[in-house]
Amino acid sequence: MQAEAASPQLGWNLVHDVREVLEYHFMVNALLAGTVVALIAGLVGWVMVVRRQVFAGHTLAMMAFPGASSAALLGVPGACGYAVWCGAGAGAISLSSPATRSRAEQSAGTGAVQTLALAAGFLFVSLYGGVLADLESVLFGNVLGVSDSQLLVLSLVAAALLLALAVLARPLLFASLDPEVAAARGVPVRGLSLAFLALLAVTVAATSQITGVLLVFSLLVAPPAAAQALTARPALSLALSVALALLITWVGLGVSYFSIYPAGFFISTFAFAVYLLARLVALLRARGLVPRPHRLLARGAEAS
């Protein structure tokens, strides 16, 4: 009876439920860390989807396997191995699949890098011969166990990433939308491609140590893809990507507090549901069953 009374119960009073969640320091840290991760993922993921480099992002996420296994073999922290392999993966992808090549050639080059990384991971596992506890933590993370020091480091990394994105924003967007024209006008397309892959590698390597690779990758893909399905306007789409990532993270963490299931499950599931809903709205718009927002505004102006 005491255990049942102590367990949190989700009720109809939303204000009371939010206050209950915020009473605990570990939940406050989880929400703050999730906010930082969602902000980074919404921005970097939006550029990743625009550049059609989702496969590259997936490949960098898979660097958790050789990173953790090589770190265990050498006796160093798993985070060090993952950071090194993410950086090496970004450089290898940039060299094997430059932006000037076709999409098919880029995918083939990225796939070759992923295959090599997985093969290296299997080799390290066979040489190590033990249990890779760090691999599970990198894959799934523990967002509910974020310490104050981890939150501080994550915030500093996020600030550096946001600054780098702000500096590269205009030429990077130009090179992402039309690389051939950008190259003709003197924009360093290949250098920007390498720079963005480095930012993507830092994003995945830094955030996955807290939230896990699978959770980060779901936030990198689903909210930006949903936002771009809903609107083609870059500024609005970017803002919507961040807003969706934040909403998915907050709701997922809140629901997981009142559940016995992990937060990553809810966040990933909600992200997938949002993407499906966005694709459905886009399909209905294409068939004329749902009016576009600017048409609704025009009708309202005419009525007034």
Side-chain angles (χ1 to χ4, degrees), residues 3-46 57 61 64 79 136-159 161-162 203-227 238-278:
E4 292 180 359
S7 61
Q9 298 293 329
L10 183 63
W12 294 102
N13 190 336
L14 181 60
V15 176
H16 176 270
D17 293 338
V18 172
R19 287 178 178 175
E20 183 178 354
V21 171
L22 297 179
E23 284 181 358
Y24 298 96
H25 186 67
F26 78 93
M27 281 302 301
V28 173
N29 276 6
L31 287 168
L32 290 175
T35 298
V36 174
V37 171
L39 178 62
I40 300 173
L43 293 172
V44 177
W46 186 86
E136 183 178 353
S137 64
V138 170
L139 287 176
F140 303 105
N142 185 16
V143 69
L144 298 181
V146 178
S147 65
D148 294 339
S149 59
Q150 287 178 316
L151 182 59
L152 176 60
V153 172
L154 180 62
S155 300
L156 293 175
V157 172
L161 285 170
L162 292 177
T203 299
V204 178
T207 56
S208 64
Q209 305 304 315
I210 296 175
T211 60
V213 169
L214 301 179
L215 178 56
V216 172
F217 189 65
S218 66
L219 290 175
L220 276 171
V221 176
L238 182 60
L240 186 58
S241 173
V242 174
L244 289 175
L246 290 172
L247 179 62
I248 291 168
T249 302
W250 292 340
V251 174
L253 286 172
V255 173
S256 69
Y257 173 78
F258 297 96
S259 172
I260 61 174
Y261 301 107
F265 165 75
F266 289 106
I267 294 176
S268 300
T269 301
F270 292 157
F272 181 65
V274 167
Y275 173 71
L276 286 182
L277 182 60

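In terms of heavy-atom proximity, Thr203 sits nearest to Leu161 at OG1-CD1, 3.4 Å. For the pair Ala41 and Pro224, the tightest heavy-atom approach, listed with the atom from each and the gap, is O-CG, 4.2 Å. The shortest non-hydrogen separation linking Val146 to Asn29 is O-ND2, 3.1 Å. When all heavy atoms are compared, the tightest approach of Ala158 to Val36 is CB-CG1, 3.4 Å. Heavy atoms only, all atoms of each residue included: His25 and Asp148 are closest at NE2-OD1, 2.9 Å. Closest heavy-atom contact between Leu244 and Ala227: CD1-N, 4.2 Å.
Listed for the Thr269 side chain is no donor-acceptor partner under 3.5 Å among the backbone atoms of Phe266. Looking only at distances, a side-chain donor or acceptor of Ser241 sits under 3.5 Å from a matching main-chain atom of Gly42.
Under the side-chain contact (heavy atoms from CB on, under 4.5 Å) rule, Pro223 has a single partner from Val242, Leu240, Ile248, which is Ile248.
Atom OH of Tyr275 sits in a sparse spot, with 12 or fewer heavy atoms from other residues, nucleotides or ligands closer than 6.0 Å.
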**Request:** Evaluate the side-chain contact (heavy atoms from CB on, under 4.5 Å) criterion for residues Val21 and Phe258: first the C-alpha distance (whole Å), next the side-chain angles of each, then the deciding distance (0.1 Å), finally the verdict.
**Result:** CA-CA 9 Å; Val21 171; Phe258 297 96; 3.8 Å; yes

**Asked** What's the verdict on side-chain contact (heavy atoms from CB on, under 4.5 Å) for Thr35 and Thr249, showing C-alpha distance, side-chain angles and the deciding distance?
**Response** CA-CA 7 Å; Thr35 298; Thr249 302; over 6 Å; no

**Chi angles and distances behind the side-chain contact (heavy atoms from CB on, under 4.5 Å) call for Val274, Leu247** = CA-CA 10 Å; Val274 167; Leu247 179 62; over 6 Å; no

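Note that the CG atom of Leu39 and the CG atom of Leu219 stand 11.5 Å from one another [nearest 0.5 Å]. Taking CZ of Phe26 as the reference point, atom CG of Leu31 lies at 10.0 Å (rounded to 0.5 Å). Considering CG of Leu154 and CG of Leu32, their distance stands at 10.0 Å, rounded to 0.5 Å.
Residues Leu144 and Tyr257 fail the side-chain proximity criterion, which asks for heavy atoms closer than 4.5 Å. Using a 4.5 Å heavy-atom cutoff, the side chains of Val143 and Ile267 are not in contact. Inter-residue side-chain proximity for Val157 and Ile40 is flagged as unmet; no heavy-atom pair is nearer than 4.5 Å.
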